[in-house]
Protein chains: 2
Amino acid sequence: MSAVAAIVSKVDMPAHALLAEEGERSVYVYNVTAGSAKLYKSLPDGRTQVLGFLLPGDFLGLGDDRLGGLAAESLTRVSVCRFRRREFEELQDQFPALGRRLLSLAQDEIARSREQMLLLGRKSARERLASFLLGLYDRLEARGEKSDPLPIPMTRTDIGDYLGLTIETVSRTLAVFKRDGIISLDGVHAVRLLDPERLRSLATGDEADRAAAC
Amino acid sequence: MSAVAAIVSKVDMPAHALLAEEGERSVYVYNVTAGSAKLYKSLPDGRTQVLGFLLPGDFLGLGDDRLGGLAAESLTRVSVCRFRRREFEELQDQFPALGRRLLSLAQDEIARSREQMLLLGRKSARERLASFLLGLYDRLEARGEKSDPLPIPMTRTDIGDYLGLTIETVSRTLAVFKRDGIISLDGVHAVRLLDPERLRSLATGDEADRAAAC
DNA sequence: CGGGCAATTGACGGCACTCAAACCAGGTGG
DNA sequence: CCACCTGGTTTGAGTGCCGTCAATTGCCCG
């Protein structure tokens, strides 16, 4: 613990700050302690894919010095613990348990990526939004935080870029959920899940599209 | 090395054999030594996303006992080195270098997953196919294998399920590439890349669609 | 109160999907 | 040796979901 304390520095950053840039090999490793951020990757013409959202407890930049530059930007004000990469890696050699922990985190990330690939490759817009909302819900739940209404820290653009959709489709699909009584919107940055079960069957595609029953 | 030899067994399997099933926690860890296989995940209604293809040297089942059941099936006859998961994990504790190597592999996989998410979320059918062909090409190249024509061990269905497209779109898009002189087909399981540069600019979206120039 | 950006809503179009038919190759049996 | 069969692939015609473009609304903050 003291070894950690020796090389970490606590940093606060405002919203919309770049924590890492595409094409840069990041010097730092971060651990988010408060706030949220997005991880993304872009094509030359500007099309963007958001790869994930960072919530308190998440690491950033672990293996990211290798191929595939990717960027990270804070969504809100964030507090992070910052390590120099060099020093962080030395820490790993000193404490084998840390290495095992990191491997475990990496495998979690792989599992999440796979789920997201299924979503991006095969799910409809409704299924994507349902999965997204439940993903946020479950994540907060796992963290033991009560969440009604469910806070949505990101913009429609971020959501669209995360789900491989346009902001218009995101907006329209949420409107349909609302019309169907599955959710209610509490402003644009909060949602009430009125029928989580229905949402869950939508997310996995169990539910043949009942839009007709209107 | 001798420690490895003690717990590994070499196994040959025919084409279309299931190495792992969705929902099973796999008892084994495999290392492919010859042939190829696919990794995939499905929705209840049968829609399938291929998450990746395994070529000689690739591992299967490393962290896959945790969430997200996923299946693996051989595309061709394959030879694998098989370990019992229990024993393989003990090996990790004995040899720290192995743990570091696995972390590195996991990070490579994460980087590849991210690239694929960008593809699935944001690229057009042409860009996906171009990326796919180059991915195969680069992968063989990295392995130091000459490859003209480039062998394509998987079916159109597998390719479609990997790229988030239908087989018809895969077939049509390849036909367009052929018409444009970018590739030539050598049967259905081999391709000649006639203009890799063009393909590469297509893959990254640099190239505004010049289909009009015909 | 008014400026500006995000979000919503509407009209329209296109890329990829669906459905369907023709084609092709490899394997089997007569 | 060749007809037949079967599964994969190609090609064609038509549709639909989501993207594009555009106008409106809503909200935050000065």
Side-chain angles (χ1 to χ4, degrees), chain A residues 14-16 38 43 45-49 75-76 119-130 132 152-179 183-191 202 205 208-212, chain B residues 14-16 38 43 45-50 73 75-76 119-130 132 152-179 183-191 202 205 208-212:
Chain A
H16 312 297
K38 64 179 174 183
L43 290 167
D45 64 3
R47 279 174 288 173
T48 296
Q49 180 65 37
L75 296 176
T76 62
L119 180 150
L120 292 171
R122 288 303 181 212
K123 289 189 183 177
S124 70
R126 299 188 62 178
E127 291 162 352
R128 291 181 200 206
L129 260 301
F132 170 69
I152 312 280
M154 57 291 283
T155 67
R156 298 293 186 262
T157 301
D158 293 331
I159 298 173
D161 286 346
Y162 179 59
L163 299 177
L165 300 171
T166 60
I167 56 176
E168 292 93 333
T169 299
V170 170
S171 188
R172 272 189 262 268
T173 304
L174 288 178
V176 171
F177 283 173
K178 189 171 145 196
R179 175 175 63 71
I183 65 170
S184 75
L185 296 176
D186 216 53
V188 294
H189 288 298
V191 171
L202 261 175
D209 228 87
R210 293 179 195 163
Chain B
H16 311 298
K38 63 178 174 184
L43 290 168
D45 64 3
R47 279 174 288 173
T48 297
Q49 181 65 35
V50 169
E73 186 184 319
L75 296 176
T76 63
L119 180 150
L120 291 170
R122 288 304 181 210
K123 289 188 183 178
S124 71
R126 301 189 60 180
E127 290 162 352
R128 291 180 200 207
L129 259 300
F132 170 69
I152 312 281
M154 57 290 284
T155 67
R156 297 292 185 263
T157 301
D158 294 330
I159 298 173
D161 286 346
Y162 180 58
L163 299 177
L165 300 171
T166 60
I167 56 177
E168 293 94 330
T169 300
V170 170
S171 188
R172 272 189 260 268
T173 305
L174 289 177
V176 171
F177 283 173
K178 189 171 145 194
R179 175 174 63 69
I183 66 170
S184 76
L185 296 176
D186 217 54
V188 293
H189 289 297
V191 171
L202 260 175
D209 230 84
R210 293 178 194 164

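To find a chain, count down the sequence lines: A is the first, B the second, and so on, and within it residues start at 1. Side-chain atoms are counted along with the backbone in the values below, which use heavy atoms only and exclude waters and symmetry mates.
A donor-acceptor contact under 3.5 angstrom links the side-chain atoms of R172(B) to the base of dT18(C).
Across its full length, the helix from dC1(C)-dG30(D) to dG30(C)-dC1(D) shows an angle of 30° between the axes of its 5 terminal pairs at either end, rounded to 10 degrees.
The nearest whole Å value for the distance from the CD1 atom in I167(B) to the C1' atom in dA16(C) is 14 Å. Atom CZ of F177(A) and atom C1' of dT8(C) are 17 Å apart (whole Å). In this entry the distance linking CG of L185(A) with C1' of dT9(C) reads 14 Å, nearest Å. When rounded to the nearest whole Å, the span between CG of L129(A) and P of dA7(C) equals 13 Å. For the pair R156(A) CZ and dT25(D) P, the interatomic distance rounds to 19 Å; values are reported in whole Å. Regarding L163(A), its CG atom lies at a distance of 15 Å from the C1' atom of dG19(D), rounded to whole Å. The interatomic distance linking E168(A) (CD) with dT9(C) (P) rounds to 12 Å, in whole Å. I152(B) places its CD1 atom 15 Å from the C1' atom of dG8(D), with the value rounded to the nearest Å.
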Legend entry - side chain to side chain contact (heavy atoms under 4.5 Å, CB included) between F177(B) and L202(B), intermediate numbers included: CA-CA 11 Å; F177(B) 283 173; L202(B) 260 175; 3.8 Å; yes

Inset, instruction - Mind running side chain to side chain contact (heavy atoms under 4.5 Å, CB included) on T173(A) and R128(A) for me, showing each step along the way? - result: CA-CA 10 Å; T173(A) 304; R128(A) 291 181 200 206; over 6 Å; no

Legend entry - L163(B) and T169(B): CA distance, side-chain angles, deciding distance, side chain to side chain contact (heavy atoms under 4.5 Å, CB included) verdict: CA-CA 10 Å; L163(B) 299 177; T169(B) 300; over 6 Å; no

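The side chain of H189(A) lies closest to dA7(C), out of dA7(C), dT9(D), dG19(D). Side-chain atoms of V188(B) lie closest to dT9(D) of the nucleotides dT8(C), dT20(D), dT9(D).
Between the CD1 atom of I159(B) and the OG atom of S171(B) there is a distance of 9.5 Å, given to the nearest 0.5 Å. Between M154(A) atom CE and T76(A) atom OG1 the span is 10.0 Å, to the nearest 0.5 Å. A distance of 14.5 Å separates CZ in R126(B) from CZ in R172(B), rounded to the nearest 0.5 Å.
When each of A125(B) and T157(A) is assigned the nucleotide of DNA chain C bearing its nearest heavy atom, the one mapping closer to the 5' terminus is T157(A). Along DNA chain C, the nucleotide nearest to T155(A) and the one nearest to R122(A) differ in position, and the one closer to the 5' end is contacted by T155(A).
Among the atoms of the strands shown, none is found under 4.0 Å from any heavy atom of G160(A).
When T48(A), D161(A), D45(A) are each tested for a side-chain hydrogen bond (donor to acceptor under 3.5 Å, both in side chains) with R122(B), only one passes: D161(A).
Distances shown here put a side-chain N or O of T169(A) below 4.0 Å from the OP1 or OP2 atom of dG19(D). Note on T166(B): a side-chain N or O is less than 4.0 Å away from OP1 or OP2 of dC17(C).
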